[in-house]
Amino acid sequence: MESKVRSVIVKDCQALELALDFNDSFEDLEVLVGKGASLALRIYNFGSASNKKITANIEENGEISAVMADFSSGQSMLEARINLNGINARGTWKLSSLASGDDDKKFNVYFLHNAPQTDGLMTNYGVARNSSRLIFSGANSIIRGAKKSKTRQNAKIIVFDEGATAKADPRLSISENEVEASHAAIVGKLNDEHLFYLMSRGLNLNEAKKLITYGYLMPIASYFKEDVLQTKIAQMIEERL
């Protein structure tokens, strides 16, 4: 059995792109991105859901781009914490998650702006079906002294069925005046007009729902360079619907 990754270190001025299987590649994960370094972290989960933590520390002029494609099944909680510790440190987090059956999933994502001119962007997209539960909880914090920092949150969940539960919980904690901060959260059912349009073009209800879900979640695949992973994401959307 291969040993699991417990830490990722990108040394000063280096660049790394890394794809990890959420279940098989790592336990709780510690990440350090050095000065002027960059990390493109691509996480995918096509198996069973599980509970894990990811902690990333980004130094001066460092950058992390974290992407997660979650098509797991079961009960899970992920805590991801991105600490922007050096001046001009940057971080992005992008998540697409599909909850169906009796899945129970919760994602807690934190951006901590601990230095001036840091930049953080969080984007979470989800679909909740059947009797599943899907929760996005985001917390962005700008400490006093982290002037000219920018932090943004976007979360959107489409609820397919009456038995499904979805919640988007964005929070901002701002202790400095010279900053930019915003959040947006939308949780709602499928747009009836979109369904009507697709069905008027010859699709049945299930086919229309599948097409909408595919268009909503499939863009996450573009962040994965491997053709096999892009194909697997498309297959998982089809299977889990």
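Everything quoted here is computed from the prediction, not taken from an experiment.
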Shortest non-hydrogen pair, Lys105 vs Gly74, comes out as CG-O, 4.2 Å
Exercise. Looking at side-chain heavy atoms only, is the closest gap between Leu78 and Asn108 below 4.5 Å?
Worked result: no
Taking Tyr197 as the starting point, is it possible to reach Met199 by hopping between hydrophobic residues whose side chains are less than 4.5 Å apart?
yes
* To do: Take Asn61 and Lys35, measure what side chain to side chain contact (heavy atoms under 4.5 Å, CB included) needs, and give me the verdict at the end.
  => CA-CA 6 Å; Asn61 292 313; Lys35 294 181 179 179; 5.9 Å; no
Rounded to the nearest 0.5 Å, the NZ atom of Lys156 sits from the OH atom of Tyr125 at a distance of 7.0 Å
Side chains of Asn83 and Thr55, heavy atoms from C-beta outward: is any pair under 4.5 Å?
yes
Residues at least two apart in sequence or cross-chain that pass side chain to side chain contact (heavy atoms under 4.5 Å, CB included) with Ser50, listed by chain then number, are Phe22, Asn23, Lys52
task = Answer with yes or no whether the hydrophobic clustering places Leu18 together with Ile9; edges join I, L, V, M, F, W, Y residues whose side-chain heavy atoms lie under 4.5 Å apart.
result = no
Quick one: does any side-chain atom of Arg42 pair with a main-chain N or O of Ser65 as donor and acceptor, under 3.5 Å? yes
Taking NZ, NE, NH1 and NH2 as the nitrogens, is one of them in Arg6 or Asp28 under 4.0 Å from a carboxylate oxygen of the other?
-> no
| message | Walk me through whether Ile64 and Ile82 qualify under side chain to side chain contact (heavy atoms under 4.5 Å, CB included). | response | CA-CA 9 Å; Ile64 184 171; Ile82 299 176; 4.1 Å; yes
Hits for side chain to side chain contact (heavy atoms under 4.5 Å, CB included) against Arg133, two or more places apart or cross-chain, chain-then-number order -> Asp104, Ile135, Thr165
d(Ser149 OG, Asn114 CG) to nearest 0.5 Å is 9.5 Å
Here the gap from Ile58 atom CD1 to Leu39 atom CG, rounded to the nearest 0.5 Å, amounts to 7.0 Å
When rounded to the nearest 0.5 Å, the distance separating CG of Leu20 from CG of Asn45 is 12.0 Å
| If only atom types and distance count, is the side chain of Thr118 paired as donor or acceptor with the main-chain N or O of Ala115 below 3.5 Å? | yes
Note: with side-chain heavy atoms under 4.5 Å as the link, the other cluster members for Leu112 come out as Tyr110
Closest heavy-atom pair, Ala208 versus Leu198, reported as atoms and distance to 0.1 Å, is O-CD1, 3.8 Å
| message | Whether the side chain of Asp161 engages the backbone of Ala164 through a donor-acceptor N/O pair (distance < 3.5 Å, no angle test) should be reported. | response | no
Checklist entry - Side-chain heavy atoms under 4.5 angstrom apart, residues restricted to Ile, Leu, Val, Met, Phe, Trp, Tyr: same cluster for Leu217 and Ile186? => result no
Testing the 3.5 Å rule here: is there a donor-acceptor pair between the side chains of His113 and Thr151? yes
Given the options Arg152, Arg90, Lys148, Asp119 meets side chain to side chain donor-acceptor pair (under 3.5 Å) only with Arg152
CE of Met122 to CG of Leu95, rounded to nearest 0.5 Å, is 10.5 Å
query: Is the closest side-chain heavy-atom distance between Leu134 and Ser97 below 4.5 Å?
result: yes
Are Phe46 and Tyr44 near enough that their ring centres are under 6.0 Å apart?
yes
#### Entry: Met77, CE atom: more than 12 neighbouring heavy atoms under 6.0 Å
no
task: Indicate if Leu16 and Leu29 have the same hydrophobic cluster label, given that clusters are the connected sets of ILVMFWY residues with side-chain heavy-atom separations under 4.5 angstrom.
output: yes
Applying the 4.5 Å side-chain criterion to the ILVMFWY set and letting contacts propagate, would Leu121 and Val31 be lumped into a single cluster? no
>> side chain to side chain contact (heavy atoms under 4.5 Å, CB included) for Phe107 and Asn124? Distances and angles first, verdict last.
In response: CA-CA 9 Å; Phe107 296 88; Asn124 296 319; 5.9 Å; no
For Tyr216 and Ile157, the nearest pair of non-hydrogen atoms, with its separation, is OH-N, 3.9 Å
State, yes or no, whether a side-chain contact exists between Phe160 and Thr213 at a heavy-atom distance under 4.5 Å.
yes
The complete set of salt bridge (Lys or Arg N to Asp or Glu O under 4.0 Å) pairs with one or both residues in residues 213-234, sequence neighbours excluded, reads Glu17-Lys225
*asked:* Quick check: do Glu30 and Val8 have side-chain heavy atoms less than 4.5 Å from each other?
replied: no
Only distances under 3.5 Å count here; give the side-chain donor-acceptor pairs of residues 233-241 to other protein atoms, sequence neighbours excluded, each with its distance to 0.1 Å.
from, atom 1, to, atom 2, distance (Å)
Glu238, OE2, Lys210, NZ, 3.4
Arg240, NH1, Ser72, O, 2.4
Arg240, NH1, Asp103, OD2, 2.7
Arg240, NH2, Ser100, OG, 3.1
Arg240, NH2, Asp103, OD2, 3.0

Result block: side-chain N/O donor-acceptor pairs under 3.5 angstrom for residues 169-179, not counting sequence neighbours:
from, atom 1, to, atom 2, distance (Å)
Arg171, NH2, Ser137, OG, 2.6
Glu176, OE1, Gly145, N, 2.8
Glu176, OE2, Lys147, NZ, 3.1

Notebook entry, point to check: Is the closest side-chain heavy-atom distance between Met68 and Trp93 below 4.5 Å?
Noted result: yes
Residue pair Phe111, Leu84: steps toward the side chain to side chain contact (heavy atoms under 4.5 Å, CB included) verdict: CA-CA 7 Å; Phe111 272 91; Leu84 302 172; 4.2 Å; yes
Does a side-chain heavy-atom distance below 4.5 Å link Leu203 with Leu211? yes
Looking only at heavy atoms, the pair that brings Val10 and Ala37 closest together is CG1-CB, 3.8 Å
The reported gap from CD1 in Ile220 to CE in Met218 (rounded to nearest 0.5 angstrom) is 10.5 Å
Taking side chain as C-beta onward, heavy atoms only, is Asp21 less than 4.5 Å from Ile43? no
Quiz item: Below 4.0 angstrom, N of the basic side chain to O of the carboxylate: do Glu207 and Lys209 qualify?
Solution: no
